[in-house]
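Heads up, the thing below is written out as structure tokens.
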Number of protein chains: 2
Amino acid sequence: MQSQVNRRSARPRPSSAVTLQQVAQDAGVSLATASRVLSDSDRNVTQELQERVLEAAARLRYVSNAPARALVQSTTSIVGLVVHDVNDAYYSAIAAGVMEVARDHKLLVMLAGTFHEPGLQVEYVARLRAQRARAVILAGSGFTGGSPALTQELDAFTAQGGRVAAVAHQGLAVDTIVPGNREGGRAVAEHLAGLGHTEIGVICGPLALVSVQDRLHGFLERAAELGVVVTEHHRVEADFTRDGGRAAAVRLFRRSPGITALFALNDAMALGALAALRDDLGRGVPSDVSVVGFDDLPVACDVTPALTTVRLPLEEIGRRALLLALGDATASPRTLDVPSRLVVRASTTPPPRVTG
Amino acid sequence: MQSQVNRRSARPRPSSAVTLQQVAQDAGVSLATASRVLSDSDRNVTQELQERVLEAAARLRYVSNAPARALVQSTTSIVGLVVHDVNDAYYSAIAAGVMEVARDHKLLVMLAGTFHEPGLQVEYVARLRAQRARAVILAGSGFTGGSPALTQELDAFTAQGGRVAAVAHQGLAVDTIVPGNREGGRAVAEHLAGLGHTEIGVICGPLALVSVQDRLHGFLERAAELGVVVTEHHRVEADFTRDGGRAAAVRLFRRSPGITALFALNDAMALGALAALRDDLGRGVPSDVSVVGFDDLPVACDVTPALTTVRLPLEEIGRRALLLALGDATASPRTLDVPSRLVVRASTTPPPRVTG
DNA sequence: AGCCGCACTGAAAGCGTTTTCCCATTGCGC
DNA sequence: GCGCAATGGGAAAACGCTTTCAGTGCGGCT
């Protein structure tokens, strides 16, 4: 007496995707033969049948069901890319490199944004494991000391045959890309000290991040060697963003007005500092204060004055990371150093003469 | 006599992923029960067994095999995001919005970069169809007149139950977001005409793009209404990038040196134009030439002078696009207008007095 | 001429889930 | 105290594909 029409069959028929079975039928061959033609099997099929299958597949716009395929082959053509903030040029650049290699290898990229929550990072790795992703790339810098939860999750992933490449991480038993952060920090110290700066402020991102630590320590190390001491009073910690940099610059100058040079640990913060110096503090760059960034984002040469910064080949890092993860599994874990390079532009000059 | 050990079993055992079967065994229950506990089934299971299963699953670090799940449910939690260039702030911003909604709905995002090749776009949609993606978002502007191949592919995708949302496309029978491009172009015309400019140059992206057409026509239309005629001589077409904008600006000023205002059809091109005016042409902005962009990328307020531009709420567009694609299927296709807004900054002033 | 081996096709197994279907057990009303 | 509905558990089917295994027809060799 149910007045609903076809309630039973209405549920499980939402999709009308073409199956291989239909293609086979249409071509008048068996399922097996159709499969052999359409998946690049090592078995060969007569020209005649091959054409019939291809034709039928094209006519029906058949595409093979990737999940079904993944199920039987227990692998996919998916790679995961985990970043902290999608809308950050640093990650965009790395992502571009990853996408390029992915395209060449016919891989699909799953993009996961952690929104800076470490918990989400672990969750995403788990979900990528569930997807049977072939590889995962951790593009965002890790935390010093590592995270046990992440380590466990990655172990489970690799145990399952997944590959992992991490950028600027520590203590993970996976392929790792080590950007020249320390080396870059040293170059900045050398540059600023060479110009004659003795009172230098440093605007740091979260000190828990490996990249931040490396950049900072490289800088402090070399500065000390050159006789420039940067006390903790001249360092501030803030979000690794433009706004973080802006606020940090204001705080820093309120505290230590005598600073003649500013090292922001990434370009985003440097941009914020530039804005603060111009709009909030009314100081000229580089006439009053020299500013240095890190990363060499494309925007660095569009601001005024053009930003002196340390170039990291981010796209290259992305490419290399994926290639590493796609490469010889038996050689893993490997580490790959990617050098950085100081790019001097207009935002740095010798310090102004002391008045009086 | 084969000396190779276990050659047979070495091949098909690369992965040792934990299966539901193992969890069930470990918990001492049937497969069905384990499934009911771990997938949010409507059937309920005794507290006792539930705990045993949960415990076993946690102990074994079980995650369910997504492809297998997808196979039986014939749907996934994957959404595709198709952009032209990953490393373009316009798309990063849209992607950020998409990711945000995806996170809230527990969806995974597959990012596809077409590298400006229309062929790749169609291929990616096909691959997303193969993946049984729940929805696809076409973030990159479409071509005027549309593309039959793309239309067919999208038809196949929707026929299969997939949802589609497109940004700035025309003639597709899918949910579409219409950014206020025309309206933004009109606002620019009004602004520049209002300042007194009469000789205005326009730097266009590829004229085949819907966004370019809309922005351009909105501008020309309103300019004409206000008595300002922009001949074809004052328009150039180039790549929709910084470099494209730079080259275009040089070409344009070589041809028509009397131009007092420049409208670049996106911020990337405007940045290039700014660089050209400063470095190649030696003209002051805004003293000699006023410059207007489009999009209001974050960088627009970091350049000097800060760029007058049209703000498009890109993250919002990303969010809306995904929500549209996730929304009521029976209401599709729908169109959603997203307004733009002129943001006046320092790069525009009245034209310089004519000398002599 | 008969047999063997080769080259190809087709039937069927199996991948790991979810979901039906069926059975046993319990609680309830009479 | 008996039957019935309701409840919860397990066996098995199904999802769409790849791949093994068996089978069939053919040519070449003795």
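Every chain is numbered from 1 and lettered A, B, ... according to where its sequence line falls, protein lines coming before strand lines. Just so we're clear, the structure is a prediction, and the values are computed from it rather than from any experiment.
If you take CD of A:Gln131 and P of C:dG16, they are 16 Å apart, rounded to a whole angstrom. Taking atom CZ on B:Arg129 and atom P on D:dG16, their separation rounds to 15 Å, with Å as the unit. Distance CG (A:Leu38) to C1' (D:dT19): 15 Å, rounded to an integer number of Å. Atom pair B:Gln160:CD and D:dC15:C1' shows a separation of 14 Å (rounding to whole Å applied). Between the CZ atom of B:Arg132 and the P atom of D:dC15 there is a distance of 13 Å, given to the nearest Å. One atom, CG of B:Asn65, and another, C1' of C:dT18, lie 12 Å apart when rounded to the nearest Å.
Taking the side-chain hydrogen bond (donor to acceptor under 3.5 Å, both in side chains) definition, one finds that A:Ser332 meets it with A:Asp175, sequence neighbours left out.
At a threshold of 4.0 angstrom between heavy atoms, the contacts of A:Ser64 are confined to the sugar-phosphate backbone, with no base atom among them. Contacts of B:Ser35 with the nucleic acid, taken as non-hydrogen atoms under 4.0 Å apart, include base atoms.
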Contact list (N/O, under 3.5 angstrom) for nucleotides 7-11 of chain D vs protein:
| unit_1 | atom_1 | unit_2 | atom_2 | d |
| --- | --- | --- | --- | --- |
| D:dG8 | OP2 | B:Asn44 | OD1 | 2.7 |
| D:dG8 | O3' | B:Thr46 | OG1 | 3.4 |
| D:dG8 | N7 | B:Arg43 | NH2 | 3.4 |
| D:dG9 | OP1 | B:Thr46 | OG1 | 2.1 |
| D:dG9 | N7 | B:Arg43 | NH2 | 2.4 |
| D:dG9 | O6 | B:Arg43 | NH1 | 3.0 |
| D:dG9 | O6 | B:Arg43 | NH2 | 2.9 |
| D:dG10 | OP2 | B:Ser30 | N | 3.1 |
| D:dG10 | OP2 | B:Ser30 | OG | 3.2 |
| D:dG10 | OP2 | B:Thr33 | OG1 | 2.8 |
| D:dG10 | N7 | B:Arg36 | NH2 | 2.7 |
| D:dG10 | O6 | B:Arg36 | NH1 | 3.3 |
| D:dG10 | O6 | B:Arg36 | NH2 | 3.0 |

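The phosphate of C:dT17 has OP1 or OP2 within less than 4.0 Å of a side-chain N or O from B:Tyr62. Close to C:dT19, at under 4.0 Å from its OP1 or OP2, lies a side-chain N or O of B:Gln73. Between B:Arg69 and C:dT18 there is a side-chain N or O to OP1 or OP2 distance below 4.0 Å.
Put simply, the side chain of A:Ser74 never gets that close to the backbone of A:Leu71: no donor and acceptor are under 3.5 Å apart. With hydrogens and angles disregarded, a donor-acceptor distance shorter than 3.5 Å links the side chain of A:Thr19 to the backbone of A:Gln22. Under the 3.5 Å distance criterion, the side-chain polar atoms of A:Arg61 are left unmatched by any main-chain donor or acceptor of A:Ala58. Checking side-chain atoms of B:Ser30 against main-chain N and O of B:Thr33 turns up a donor-acceptor pair under 3.5 Å. Remark: side-chain polar atoms of A:Thr46 are not paired, donor with acceptor, to backbone N or O of A:Glu48 under 3.5 angstrom.
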Side chains of residues 318-331 of chain B: which donor-acceptor pairs under 3.5 Å do they make with residues two or more places apart or in other chains?
| unit_1 | atom_1 | unit_2 | atom_2 | d |
| --- | --- | --- | --- | --- |
| B:Arg319 | NE | B:Glu316 | OE1 | 3.3 |
| B:Arg319 | NH1 | B:Glu100 | OE1 | 3.2 |
| B:Arg319 | NH2 | B:Glu316 | OE1 | 2.7 |
| B:Arg320 | NE | B:Glu316 | OE2 | 3.1 |
| B:Arg320 | NH2 | B:Glu316 | OE2 | 3.2 |
| B:Asp328 | OD1 | B:Thr330 | N | 3.0 |
| B:Asp328 | OD1 | B:Thr330 | OG1 | 2.8 |
| B:Asp328 | OD2 | B:Thr330 | OG1 | 3.0 |

